[in-house]
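What follows is a set of notes on a single structure, which appears directly below.
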Amino acid sequence: MIELFEPLLDPARRTWWPALLCAAVIAALLAPDKLFDRKIWLHRSAILDYQLLLVRQLVRWAGLVPWSLSALAVAALVVRSMDATLGIPALPDWPAWAVTIAYTGALFLASDLSRYVVHRVVHEVPMLWELHQVHHSAEVLTPATFYRVHPIEAFLFATRGALVTGAVAGAFFWGFRGTAEPWQLFGVSAVGLVFGVTFGNLRHSHVWVGFGPLLERCFISPAQHQLHHAEGHDTNYGAYLAIWDRLFGSLQLSGPRRELDFGLGDMPSNHRPDDLLSVLIGPIRGLVPRRAAMGTALLLLLVSGVAVADDDPPAEEPEADDDEDDDDEEPTPNPEGEPVPTGGGASSPPSGVTESLEVYGERPRLPRVGGSAHKVEEEALEQFEHNDIGAVLAPVPGVYVRDEDGYGLRPNIGLRGASSDRSSKVTLTEDGVLLAPAPYAAPAAYYFPLTTRMVGVEVFKGPAAIQFGPNTIGGAVNLQTRGVPDRLAGGLDVAVGMDRTVKIHGWGGTSWGWGGAMLEAVHLTTDGFKELDSGGSTGFDKSELMFKFRVQPPLQGPVQTAWQLKLGYATERSRETYLGLTDADFEANPTRRYAASERGLMSWNRTQAELAWTLRAGEAFEVRAVGYYHWLDRSWTKFNDFSGGAGAATVLADPTAGTNAIYYGILAGELDTSSTDEELLIGTNARRYHSFGGAADARWNHRTEKVRHELSFGVRLHADRVRRDHSHERFAMIGGALTETDGTEHVDVANDSFATAFAAHLHEDLGFGPVRLLPGLRLEVIHTATTDDLGEPDTSEDRAVLLPGFGVHVQPTPWLSVLGGVHRGFSPVAPGQAEDVKPESSWNYEGGARVSYRGFHVEAIGFFNDYSNLSGTCTGSVGCTGAEIDTQVNAGRVHVWGAEATLGQGIRLPEQLRLDLGLTYTYTGSRFKTGFVSPSPQFGSVTVGDRLPYVPEHRGTASVGFDFVIGSFGANLTARSAMRDLPGQGTIEAGKRIPESFVLDLAVDVRISRNVALYSTVSNVTNSRVMVSRRPLGARSGRPLHVMVGVKLNGRGDRPGIVETAAGR
Amino acid sequence: MDSAAGRSWLLVAAIALIAVTLRASGCTEPEPVPDPLEGYDLGPFLTGVADVHVDAGYAAFRDAAVSLEGELTSWLETLQDGGDDAARLESARIAWRAAFMLWQQTEVLQLGPAAAPPSVGGEAIRDEIYSWPTVNDCLVDQGLVDQRYADADFFEANLVNAYGLDAIEWLLFGTLTETFCPSQAIEPSDWDALGDDGVLLRRAEYALVAATGIVDVAAVLHTDWGIDGGVGDQLASPTEDGLWASDRAALQGVFAALFYLETSVKDRKLGRPLGLLDCTTGDTCPEDFEGPWAGSAVSAVRANLTQIRTIAAGANDAPGIVDLLAHVGGQALGDDLLAALDEAIAAADAVGDADPATVLADSPQDLLAIHDAIKRATDLLKGEVAIVLALTVPAESAGDND
């Protein structure tokens, strides 16, 4: 059905909505009476325009597109012919920008000149005028008049477009061997797009816009085109440039403004301009004998029906030079101005009194959040004491976290169908500062902090990403750390659990007249729930330390400033592997680990230093700035693959077929290695990441009697780098244990990737009455480079992208709000990729409504993401090996759509009791619109219509929370439908299916005194067998039943377990 | 509303009704995605692959396997009669080489059941016939000692490296009376107790059992491929509910299979012994040559190359890959591909039947020449071919009257 709305949604169309909007704004400023004149919009001639447009779209939607000349076919023919006659040329040594300018210019000039020529021909050749007069028969001009074209004439112009565009594209393809790229915006030739968006629709309007005598000799103004419709029809044939009219003597300057009469009046060739049948059949009747008219008309209409299709869509969506993160929709407040609760109970308002100035990143955005943004409040975090971000985000609709290890050590977070792999399509921040090890050069989240020390998790989906970047396809997740308390406060949480799990979490801090300080530490250790065939621990040890020091001079009058230094250190040693199980072994014992994985060990340490500054001038103006430096050292030793054979993934998928049975036996320690091909490659991927930069945000509020607005502007200068040293050693399986063979470290990868990025965003929140308009813009300028120690060529690339967006929020009543928005999504190309790799880009749409009334809250949001290019990164976690690691692949056009619903009800009961009920549900549909074969195992061979892998179609949670005087009880059920391991459609094959899952978690806490509480959490109460992934090497299990019991001590606060975060809401 | 306007809206309604009906009934196809091979009939190419290359190859191999079985029977009977088996042994070796070379031609296009999962329709039947490089000569000797080859369920109960062409190679060309196993794997007394004659006799018995197994598998492979509606038909004329849902999917399957040229021929058969890839025992790894006992490494490579060249160029009126490339403007690319393959074949001819290990030691550049020519071919397949098939045209912005 989306094809019916294509004229509004397709940037290649004159009636693309930004173009209509631009025309409306100009018309409102210059001639508002014309903009709202019913006589024009409801004129019989205008009605026919709408009818023709509707018929056109219906024909396209019905697929009645019998044949059209394909620009692609023309291009291919041109390439073949030039190859045959001129041979294959050497690649010219032109800089890329020069090629782009030449290609763009050639396309534009060829297009514009050919339009002039064909337009003039259809005026001057009587037979063709029969067709073209349909367009000129319009008695009023509206943007829909653009589509008032006889289908046969549309076919002629479409043919023109295919010939011209195909010829130029073919010539440039031949000359530059596929490396030439024109400048495009939103997938369309940029120069023409700019002309079309700014003044295109005014050409068919009653709004007089002249450019003046000087400019009108260069560019055709709307007034000049209106003259073309009104006075003689023999001037101003040009599309955008006036130079052809000047050259060939058909130029007419607009002169003074005057009223014009449009249409053909009594001209004999004027068919009934309000009769659809007359308009379609009449011109043909004029060309052929009456009897043949109907048959001829049908035949020609069928043949030309496709012309309604205009030019061919590109075979691949063109790279988006200026595609950038969307961002315009600042989260909007819900009716009661409170954060949107997630399933799991209503959120409580921030506690405590503060006179502190929130420093960078600590002030939650969510009091202003509405639309598709959620916050998991501190209370919910404390209740279940999840250490795993996947469990924390489970109640947030639209979010899917693909587990790997059962502990959330390396979460794969995806929002609204965006790839979840290593959370690399989501902008991760901690207190507003980029969190990923190298957000531009290598965004894969191999580091993730322990959620247990967070006091809030914000999720911004879709349009809210204007303030974040670079990855904004799905949205952003911001973790909020504890702030410096306003007064002496502290807490201690000690818990023990199954698998010898121990957690110790403590914090303490205080403030004084001009500042404050806080120290927090967490240590979590476990033996792990998996059982290694050869024995040994499969668990981890993880420790984190954070120190904050704040300086805030006493109140300084209307202007207040504050500084904060944040230092952090974290370390992890986890005996993790990518090696999973065959289906049969998973069925027998899902927590088994093969002997071949016994050497798996990830160890990393991370240091962070951030200095932040805030200035506030009253309520109207605020500036926040931060400088940061993060560095991460990680090394992961694990089984990579066999030296020979079909590969471990293939072996595990079918462990009985042919030689797979031999390799499987070796994996499981049941057979010995007997040849070099059967040796196991145990790799160590060592990487060092540096990420540093500075960011500043300014916010200005202004309010008048009728209008209120907030303008925010932010800039960030960022640099990051990753050094990769990957190697492997060879082992043999002997007697069920790994034995080193040659004792040599073989180097696989030794390179550096760099990225420097400048980002800026501008966002306006304009409110009048119940309506808020939220336009926004984001700019990303990115430079990436790679150097290689093993002989691969160095690379360098520069890219600048501009991302617009727009949101609307209407609150007609205090309890009801309706919202909608559209924005451009973007995810950059990692350094060192092949030339044909494009950034991920999309247009994202959302709309919905929210009702909040007396503790009852319901929200429903629909979304649609139109990816012009989905991309994937070939990581070890999806099954890539060797030199393919960290390469990026295109996945073509994809549509993702869905609905998110949240329902919550808080019920206050007598005797200070409270019951909170919550439900969330997410439906996600997806479809590949292009078929391809990808070198990345995460895609493989994709057919049009395939669904995305690892995106569950249905996901939901149901939660119950019960607060009683001395404690609380909570239950949370998370359910997910089955998923695919690979793109596909229809029934999911057994070997590619990740079965549905239902997991129930319980939590209870009891206060035994004002400052002491006992608590227990039971995860996966029913010990449900959950398969979380089949990638990269076989089936892997989520965590089985796990029980923890602990005690919390709190040095402040009325309610143990609810830690005061006066300065860190 | 006057009659003209009313008539117009009726017409719109009628068109809408037709559109809804057509769309709902699935009678109309959505607008096709532009395809560089648009307008090119892949049928002849796919039929050529199915019939000319694969089916004929299976048939020829099956016949050669039957011949091998016959020669091994004769060798065994001679040994049982106590006669001079030298001539029979030599005949068996010749028959093995013939079958081996035919299989080398066949296995460059592992499609359907011959391919390993998760290839479309893959059942790893190839491994049942020939499991190289996953070979285990010591395992064969262990089987010789305990005579597991005589068990009724020998093929079901044992892994693929216990039988097949690779096992027969060891049995026919190996050290014959000496075992490959260390003393931990076979008790020397158990081996010695057999005596040389006993060992030879058991080698013949074992080889015959393995050859019979190959004949059975080859027959099934050929039958499954060639019957009406079989795998071959599904490749030649893909249907939505077949193994390959479309011509394009079948073409992709063929191209994917042809990357045998890179992964097996270039990297494993040549790259590893030359020390270019994963060679851990020294600068070169002569022990990793294919067919070490028969000395057939380079012959095998030549057989692979010859078949791939035939597929690329086309044969028996069936178009080849170069014809596809020519349609999308890659005529010169097709010529370059054939030239690279010809160069590799010529380099293999230059080595001829010389012992590969000796060539590796004395003149490695001769083997490197084969490797480098193959690399040029595979680089073309991976690089330029991808570019040519990825030809794109940017979208024009809207203009009046378009």
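So you know, we letter chains A, B, ... as the sequences are listed, proteins then strands, and number each from 1.
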For A:Ala661, is it the side chain, the backbone, both, or neither that has a heavy atom closer than 4.5 Å to a heavy atom of chain B? both
Using non-hydrogen atoms only, which part of B:Ala326 is less than 4.5 Å away from chain A: side chain, backbone, both, or neither? backbone
Considering only heavy atoms, which portion of A:Leu671 lies under 4.5 Å from any heavy atom of chain B: side chain, backbone, both, or neither? side chain
Would you say CD of B:Glu287 has more than 12 non-hydrogen atoms from neighbouring residues, nucleotides or ligands within 6.0 angstrom? yes
Checking side-chain polar atoms at under 3.5 Å, does A:Arg730 have a donor or acceptor matched by the opposite partner on A:Thr741? no
Which bit of A:Glu678 comes within less than 4.5 Å of chain B, counting heavy atoms only: side chain, backbone, both or neither? side chain
Table please: side-chain donor-acceptor pairs of residues 266-276 of chain B below 3.5 Å, with sequence neighbours left out.
{"unit_1": "B:Arg268", "atom_1": "NE", "unit_2": "A:Asp677", "atom_2": "OD1", "d": "2.9"}
{"unit_1": "B:Arg268", "atom_1": "NE", "unit_2": "A:Asp677", "atom_2": "OD2", "d": "3.3"}
{"unit_1": "B:Arg268", "atom_1": "NH1", "unit_2": "B:Asp288", "atom_2": "O", "d": "2.9"}
{"unit_1": "B:Arg268", "atom_1": "NH2", "unit_2": "A:Asp677", "atom_2": "OD2", "d": "2.6"}
{"unit_1": "B:Lys269", "atom_1": "NZ", "unit_2": "B:Gln104", "atom_2": "OE1", "d": "2.7"}
{"unit_1": "B:Lys269", "atom_1": "NZ", "unit_2": "B:Tyr260", "atom_2": "OH", "d": "3.1"}
{"unit_1": "B:Lys269", "atom_1": "NZ", "unit_2": "B:Glu290", "atom_2": "OE1", "d": "3.0"}
{"unit_1": "B:Lys269", "atom_1": "NZ", "unit_2": "B:Asn304", "atom_2": "OD1", "d": "2.7"}
{"unit_1": "B:Arg272", "atom_1": "NH1", "unit_2": "A:Thr676", "atom_2": "OG1", "d": "3.2"}
{"unit_1": "B:Arg272", "atom_1": "NH1", "unit_2": "B:Asp288", "atom_2": "OD2", "d": "3.4"}
{"unit_1": "B:Arg272", "atom_1": "NH2", "unit_2": "A:Ser643", "atom_2": "OG", "d": "3.3"}
{"unit_1": "B:Arg272", "atom_1": "NH2", "unit_2": "A:Asp677", "atom_2": "OD1", "d": "3.1"}

Could you list all the salt bridge (charged side-chain N to carboxylate O under 4.0 Å, His left out) pairs where at least one residue sits in residues 110-126 of chain B, not counting sequence neighbours? B:Glu107-B:Arg126
Is chain B contacted by the side chain of A:Tyr663, its backbone, both, or neither, given a heavy-atom distance below 4.5 Å? side chain
Let me know if B:Val135 has heavy atoms under 4.5 Å from chain A in its side chain, its backbone, both or neither. backbone
Kindly state whether the ring of A:His228 and the ring of A:His135 have centres lying under 6.0 angstrom apart. no
